[in-house]
Amino acid sequence: MKKLSTLLFVLFLVGCQQMDTRVENPQPGDIQGKWEALNLGKVLSYGLLSFDSEGNGVFIAVNGEEAGLLLKVDSFKSKERSFQVTAHFIDEGERTDKAAVFEGELDQGVLCLFLTEENQDEDTKQPFCFSHYKEINKYRKMADQALDT
């Protein structure tokens, strides 16, 4: 228990330093793989993002008893400490012309996407944050072990 208290205190101190730990000049390979999230925007029960090595990807949404392909990401543009992706909505399995542009950040193993809108101010941006599925499995095992002790 003392180790956990020490760890939490160290994390608190690190957080207080407010360092910018976002990945610099993120590349498509930095986001490659599967990313998962629960309770996205209080609307979706579960979301899965999957990116290839070129930054192309898909977003699968699960809500209640339904699951389906919702977005197809087909462009990736690197910025200083973020990236931008354009995603096209999928309707009945086909890509539509309706698109959304997302600003993304990769920070300490968490991938967050912000819907970009011209009229949206910086203070009201709501992120959709995802964890890499390998990390989630590791965290789940650690939590289960702690629960068993």
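Since the model is a prediction, treat every value here as computed from it, not as a measurement.
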Using the rule that two of Ile, Leu, Val, Met, Phe, Trp, Tyr join whenever any of their side-chain heavy atoms come within less than 4.5 Å, decide whether L115 and F89 are in one cluster.
yes
Would V101 and T116 count as a side chain to side chain contact (heavy atoms under 4.5 Å, CB included) if you check the C-alpha gap in whole Å, the side-chain angles of each, and the deciding distance to 0.1 Å?
CA-CA 6 Å; V101 177; T116 59; 3.4 Å; yes
Following the transitive rule for hydrophobic clusters with a side-chain heavy-atom cut-off under 4.5 Å over Ile, Leu, Val, Met, Phe, Trp and Tyr, establish whether V23 and F130 coincide in one cluster.
yes
Donor-acceptor contact present, side-chain D52 to main-chain G55, <3.5 Å:
yes
Inter- and intrachain pairs under disulfide bond (SG atoms under 2.5 Å apart), touching residues 51-114, at least two apart
C112-C129
Set of residues satisfying side chain to side chain donor-acceptor pair (under 3.5 Å) with respect to K138, sequence neighbours excluded:
E135
Which atom pair, heavy atoms only, marks the closest approach of F76 to I31?
CE1-CD1, 3.7 Å
Let me check something: do V85 and I60 share a hydrophobic cluster, defined by ILVMFWY side-chain heavy atoms less than 4.5 Å apart, either directly or through other members?
no
Heavy atoms of other groups near D148 CG, more than 12 under 6.0 Å:
yes
Identify the two heavy atoms, one from F83 and one from P26, that lie closest to each other, and give their separation to 0.1 Å.
CD2-CG, 3.9 Å
Positive for side chain to side chain donor-acceptor pair (under 3.5 Å) with S82, one of E103, K77, E24
E103
Within one Ile-Leu-Val-Met-Phe-Trp-Tyr cluster: Y133 and L113, side-chain cutoff 4.5 Å:
no
dist E54:CD -> S75:OG (nearest 0.5 Å) comes out at 12.5 Å
Applying side chain to side chain donor-acceptor pair (under 3.5 Å), name anything that partners D74, two or more places apart in sequence or on another chain.
H88, R95
Matching residue for F59 among L48, L69, L71 - test: side chain to side chain contact (heavy atoms under 4.5 Å, CB included)
L71
First locate atom OG of S53, then atom CG of D30, and finally report the distance between them rounded to the nearest 0.5 Å.
12.0 Å
Residue pair V43 / N63: nearest heavy atoms and the distance that separates them
O-OD1, 3.2 Å
Under 4.5 Å between side-chain heavy atoms, hopping through other hydrophobics if needed: is there a path connecting L49 to I136?
no
Working to the nearest 0.5 Å, report the span between CD of E105 and NZ of K79.
10.5 Å
Taking the six-membered ring where the residue is Trp, are the ring centres of F114 and F102 under 6.0 Å apart?
no
Looking only at heavy atoms, which two atoms of A61 and L70 are closest? And how far apart?
CB-CD2, 4.1 Å
